[in-house]
Amino acid sequence: MAKEESSSGQVYVEVGDAIRLRLPYSEVCMHMRVAGKPMNIQIVEEGGSPAAQLLNDDGSRFSSPILLGEAGISTDGAGKHYVPARRIITPEAELDSL
């Protein structure tokens with residue numbers, strides 16, 4: 001589960017955390033045809049570096065892990081990974097959009 005939201009509107013995540021995000025219109029997400037869609041993402045360790053593992057709704061892997069930045073996850077000056085809180089999809093928000 002993702003860490004608590006900071007006062008700056010960022011939710012910090014680390015390896016092992018899983019969150020549901022609306023994916024950005026990055027080159028990789030557009031190529032995989034998931035740009036703009038809500039998906040579960042787990043932060044994994046891939047080759048010694050953190051990466052984003054996209055997950056199907058049933059928890060299975062969608063693809064190979066992608067770079068954090070391609071999934072819309074940023075890194076601050078201290079090396080901590082975060083997502084703007086406004087990009088996180090809550091179950092309530094998904095129900096409201098139906």
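Numbers here are sequence positions counted from 1.
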**OP:** Provide the closest heavy-atom pair for D17 versus V13 in the form atom of the first, atom of the second, distance.
**Re:** OD2-CA, 3.4 Å
Original post:
Can you get from L55 to V44 by hopping between Ile, Leu, Val, Met, Phe, Trp and Tyr side chains that sit under 4.5 Å apart?
Top reply: no
Identify all side-chain donor-acceptor contacts of residues 59-70 below 3.5 Å with residues at least two apart in sequence or on another chain.
from : atom 1 : to  : atom 2 : distance (Å)
S60  : OG     : N56 : ND2    : 2.9
S60  : OG     : D58 : OD1    : 2.6
E70  : OE1    : S26 : OG     : 3.0
E70  : OE1    : V28 : N      : 3.3

Subject >> Sequence neighbours excluded - side chain to side chain donor-acceptor pair (under 3.5 Å) pairs with any residue from residues 40-53 >> reply: R20-N40
**OP:** List, by chain and then residue number, the residues other than Y25 in its hydrophobic cluster (Ile/Leu/Val/Met/Phe/Trp/Tyr, side-chain heavy atoms under 4.5 Å); write none if there are no others.
**Re:** M30
**OP:** Measure the SG-CE distance between C29 and M39 for me, rounded to the nearest 0.5 Å.
**Re:** 9.0 Å
Original post:
Among the clusters formed by ILVMFWY side chains lying less than 4.5 Å apart, do L21 and M32 turn up in the same one?
Top reply: yes
Subject >> Partners passing side-chain contact (heavy atoms from CB on, under 4.5 Å) against K80 (at least two apart in sequence or in another chain) >> reply: Y12, D76
Original post:
Any donor-acceptor pair under 3.5 Å linking the side chain of R22 with the backbone of R87?
Top reply: no
Original post:
Is there side-chain contact between I73 and I41, with at least one heavy-atom pair below 4.5 Å?
Top reply: yes
Original post:
With side chains defined as the heavy atoms from C-beta onward, is the minimum distance between L54 and L23 less than 4.5 Å?
Top reply: yes
**OP:** Taking all heavy atoms of P84 and all of G72, pick out the closest pair and write down the distance.
**Re:** CD-O, 4.4 Å
